[in-house]
Structures are given as structure tokens and as C-alpha cells.
Trainee: 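Have a look at this one.
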Amino acid sequence: MAGRPGHIPRASASEACGPIATSRRRRAQYHWRTSSDRAGNLELGNVYPDRPAPIIRHDADTGGLELVMARWGMPSPPGALKTDRDPGVTNVRNLGSPHWHRWLGPAHRCLVPLTAFAEPLGAGRGNQWFTLADDRPAFFAGIETRAWRSIRKVKDGKTVDDLYAFLTCAPNAEVKAVHPKAMPVILTDPKDWDTWLSAPLEIAAGLQRPLADGALQLMDSLA
């Protein structure tokens with residue numbers, strides 16, 4: 001995800017994930033194949049749930065790709081809400097859920113830039129950071145929706161927002177040692193970026209898989 005550390009809880013209480021980061025040297029990554037930049041003057045910094053971050057999505061006007069800012073957290077399943085407030089779902093694991101079906105087509109898929117992410121080590125122990133061992137560009141496989149009306153914060157009342165979240169999957173060896181249940185779906189091959197954005201779901205869903213063991217390296221902290 002864009003920015004420096006952000007906090008990333010998963011879609012349910014049983015799955016937890018920590019911060020994500022990008023860096024200024026990856027700025028060109030944000031513009032992969034984009035024909036328009038509507039993200040404005042990007043300020044790289046912390047990214048947290050319910051905060052805006054850059055994503056690459058389909059441009060409804062030109063048919064190309066565009067870089068935009070979107071708010072982190074897709075609409076929650078109605079049955080999961082106990083009040084009118086919807087804090088959003090940050091990660092998506094179950095692609096078979098009827099709730100997600102409307103957003104799994106190519107028109108709603110997006111790429112979320114990152115250079116690092118973290119998993120929580122437990123109460124009071126901070127986070128364990130992970131980055132690509134070969135330092136290549138990477139994106140989370142995401143989904144997005146536009147002009148969604150909801151109450152994200154009670155004090156703000158109803159707002160209209162472009163929203164996104166990203167997929168999770170079983171963890172690889174490095175992540176499993178810290179968080180045994182899940183990790184984000186990370187795409188590092190440009191062919192996979194194309195596939196995620198354009199292929200039929202039965203093909204694109206095959207990308208919901210962990211990185212190969214050894215593809216990540218652990219970091220003591222984020223520089």
C-alpha cells in the first residue's frame with residue numbers, strides 16, 4: 001500500500017495483519033500503465049484503515065488505467081453490522097461469499113502499491129516487517145467500488161467515497177512463523193498484474209496464493 005507504516009487488520013477477528021509501506025524510490029510504480037493521474041500531490045506517509053491511499057484501477061471514461069486515491073475498507077456485509085456505522089472491511093479472503101460477488105469482475109479489480117508490510121507480534125510487542133527479498137516492485141491484488149454512501153464515522157454522518165480492500169490467502173513460510181492464518185495476496189510479475197486486472201474470475205482467482213517460500217525477508221524496523 002502507498003505510504004509508510006499503515007495498520008491492516010483482516011476481514012475478521014480471527015485473521016490479523018499489520019502495517020504496509022511504500023517508499024519514494026518506487027514512485028514510478030504508481031504509474032504502471034496508467035493513462036491518467038487523479039491522485040493529486042501524493043504525500044508518502046502512514047496508511048491506516050479508513051484512510052486514503054493510491055490505487056491503480058480501470059478508468060471508466062477512457063478504458064485505460066488511472067491512479068486515484070481511495071479510502072481503505074470495502075463495504076461490510078450487512079449482517080456483520082450492529083449499528084448504522086460501517087468501518088469497512090480491509091481484507092477479503094472468501095471469494096465465494098455472495099457479498100463480494102458484485103465486485104470480483106475485472107471492472108472492480110485494482111492494484112495497491114507496496115514495498116513492505118507487517119504482521120503483529122502480539123500485545124505490546126510491535127510488528128514484524130516483511131519486504132520482498134529481491135526488492136522488485138509489488139502490488140496487492142485489490143478490489144474497489146466507487147461513490148459508496150455510508151456512515152464511516154458517526155461524527156461525519158453519511159459520506160460518499162471510493163473504497164478498496166485487498167485479498168488475503170494462506171501464508172508462506174516467512175509469514176507463517178509470525179502469523180499462521182493468512183497473508184496479503186502480493187503480485188510481483190507484470191503478467192500477473194495484467195491477469196488480475198483483466199482476466200475472467202476463474203483465471204484471476206488462481207492468483208489468490210502465497211508468495212513462494214523465501215520470497216520475503218524480515219526487517220527489524222522500517223527505515
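These numbers come from a predicted model, not from an experiment. One-based numbering along the sequence shown.
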Trainee: Is the count of non-hydrogen atoms from other residues, nucleotides or ligands lying under 6.0 Å from Asp84 atom CG greater than 12?
Mentor: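 Not more than 12 within 6.0 Å, no.
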Trainee: Could you pull out the closest heavy-atom pair between Ser76 and Val89, with the gap in Å?
Mentor: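 Closest approach of Ser76 to Val89: OG-CG2, 3.5 Å.
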Trainee: To check you understand the geometry: which heavy-atom pair defines the closest contact between Ser198 and Pro106, and what is its length?
Mentor: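 That closest heavy-atom pairing would be O-CG, 3.8 Å.
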Trainee: Between Leu211 and Leu132, does a side-chain contact (heavy atoms from CB on, under 4.5 Å) hold up when you go through it step by step?
Mentor: CA-CA 10 Å; Leu211 288 174; Leu132 275 293; 4.1 Å; yes
Trainee: Provide the closest heavy-atom pair for Ala173 versus Asp213 in the form atom of the first, atom of the second, distance.
Mentor: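 Minimum heavy-atom separation between Ala173 and Asp213: N-OD1, 2.9 Å.
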Trainee: What's the spacing between Ser150 OG and Lys158 NZ if we round to 0.5 Å?
Mentor: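 Taking OG in Ser150 and NZ in Lys158, the distance rounds to 9.0 Å.
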Trainee: Is it true that Asn91 and Thr168 share a donor-acceptor pair across their side chains at a distance under 3.5 Å?
Mentor: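 Not at all, the side chains of Thr168 and Asn91 share no donor-acceptor pair under 3.5 Å.
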Trainee: Is Asp59 reaching over with its side chain to a backbone N or O of Leu65, donor-acceptor style, under 3.5 angstrom?
Mentor: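 A pair under 3.5 Å: no.
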Trainee: Keeping the roles fixed (side chain from Asn94, backbone from Gly96), state whether a donor-acceptor pair exists under 3.5 Å.
Mentor: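 Pair found, side chain donor or acceptor close to backbone of Gly96.
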Trainee: Would you say His58's side chain and Leu197's backbone share a donor-acceptor pair under 3.5 angstrom?
Mentor: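 Between the backbone of Leu197 and the side chain of His58 there is a qualifying donor-acceptor contact (under 3.5 Å).
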Trainee: Leu201, Trp193: one ILVMFWY side-chain cluster at the under-4.5 Å cut-off?
Mentor: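 Both belong to a single hydrophobic cluster.
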Trainee: Please check: side-chain N/O of Gln128 versus main-chain N/O of Met219, any donor-acceptor pairing under 3.5 Å?
Mentor: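 Yes, Gln128 side chain to Met219 backbone: donor-acceptor pair under 3.5 Å.
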Trainee: So if I apply the side-chain contact (heavy atoms from CB on, under 4.5 Å) rule between Ile143 and each of Tyr164, Trp196, Phe166, which one comes out positive?
Mentor: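 Between Ile143 and the candidates, side-chain contact (heavy atoms from CB on, under 4.5 Å) is satisfied uniquely by Trp196.
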Trainee: Mind listing the closest non-hydrogen atom pair of Ala107 and Arg146 along with its distance?
Mentor: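 What the structure gives for the nearest pair is O-NH2, 4.0 Å.
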Trainee: Is a side-chain N or O of Asp161 found less than 3.5 angstrom from the main chain of Leu163, in a donor-acceptor match?
Mentor: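 Answer holds: no.
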Trainee: If the plane angle is over 60° it's perpendicular, under 30° parallel, otherwise tilted; pick one for Phe140 and Phe117.
Mentor: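 Correct class here is perpendicular.
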Trainee: Quick check on the hydrophobic clustering: are Met74 and Leu81 connected, directly or via other members, by side-chain heavy-atom contacts under 4.5 Å?
Mentor: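 Each belongs to a different hydrophobic cluster.
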Trainee: Keeping Glu174 on the side-chain end and Leu216 on the backbone end, is there a donor-acceptor pair under 3.5 Å?
Mentor: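 Checked: pair present.
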Trainee: So how far is it from Thr115 OG1 to Trp129 CH2, rounded to the nearest 0.5 Å?
Mentor: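 Interatomic distance, Thr115 OG1 to Trp129 CH2, rounded to 0.5 Å: 8.0 Å.
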Trainee: Which residues satisfy the salt bridge (charged side-chain N to carboxylate O under 4.0 Å, His left out) test with Arg33, sequence neighbours excluded?
Mentor: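 Counting only residues at least two positions away or on another chain, Arg33 forms a salt bridge (charged side-chain N to carboxylate O under 4.0 Å, His left out) with Asp194.
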Trainee: When clusters are formed by joining ILVMFWY residues with side-chain heavy atoms under 4.5 Å apart, either directly or through shared neighbours, do Trp72 and Ile151 land in the same one?
Mentor: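 No, Trp72 does not connect to Ile151 through the hydrophobic network.
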Trainee: For Arg152, check salt bridge (charged side-chain N to carboxylate O under 4.0 Å, His left out) against everything at least two apart and list the hits.
Mentor: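 Arg152 satisfies salt bridge (charged side-chain N to carboxylate O under 4.0 Å, His left out) with Asp50 once adjacent residues are dropped.
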Trainee: How long is the straight-line distance from CZ of Phe130 back to CD1 of Ile186, given to the nearest 0.5 Å?
Mentor: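 Rounded to the nearest 0.5 Å, the CD1-CZ separation comes out at 9.5 Å.
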Trainee: Are Leu111 and Ile203 connected, step by step, through hydrophobic side chains (Ile, Leu, Val, Met, Phe, Trp, Tyr) whose heavy atoms are closer than 4.5 Å?
Mentor: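 Cluster IDs for Leu111 and Ile203 differ.
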Trainee: Rounded to the nearest 0.5 Å, how far does CZ of Arg57 lie from CD of Glu66?
Mentor: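 Between Glu66 CD and Arg57 CZ, I get 4.5 Å after rounding to 0.5 Å.
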Trainee: About how many Å separate CZ of Arg93 and CG of Leu167, when rounded to the nearest 0.5 Å?
Mentor: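 Here the interatomic distance stands at 10.0 Å.
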Trainee: Assess whether a salt bridge exists between Arg136 and Asp134, defined as any Lys/Arg side-chain N lying under 4.0 Å from an Asp/Glu carboxylate O.
Mentor: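 Yes, this pair counts.
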Trainee: With under 30° as parallel and over 60° as perpendicular, where do the rings of Trp103 and His99 fit, or are they tilted in between?
Mentor: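 If you compare the ring of Trp103 with that of His99, the planes turn out perpendicular.
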Trainee: Apply side-chain contact (heavy atoms from CB on, under 4.5 Å) to Val68 and Glu144, showing your working.
Mentor: CA-CA 11 Å; Val68 301; Glu144 57 90 15; over 6 Å; no
Trainee: Can you measure from CZ (Arg109) to CG (Leu104) and round to the nearest 0.5 angstrom?
Mentor: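 Atom-to-atom, Arg109:CZ and Leu104:CG are 7.5 Å apart.
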Trainee: Return the set of residues passing salt bridge (charged side-chain N to carboxylate O under 4.0 Å, His left out) with Asp192 (not counting sequence neighbours), or none when no residue passes.
Mentor: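 With neighbours one apart ignored, the set is Arg209.
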Trainee: Identify the heavy atoms of Asp86 and Pro75 that sit nearest to each other, and give their distance.
Mentor: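 Minimum heavy-atom separation between Asp86 and Pro75: OD2-CA, 3.6 Å.
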Trainee: For the residue pair Pro180 and Glu119, establish whether any side-chain heavy-atom pair is separated by less than 4.5 Å.
Mentor: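 Counting from C-beta outward, Pro180 and Glu119 never come under 4.5 Å.
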Trainee: Could you tell me which non-hydrogen atom of Pro113 sits nearest to which non-hydrogen atom of Pro54, and how far apart they are?
Mentor: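 Shortest heavy-atom contact: CD-O, 3.4 Å.
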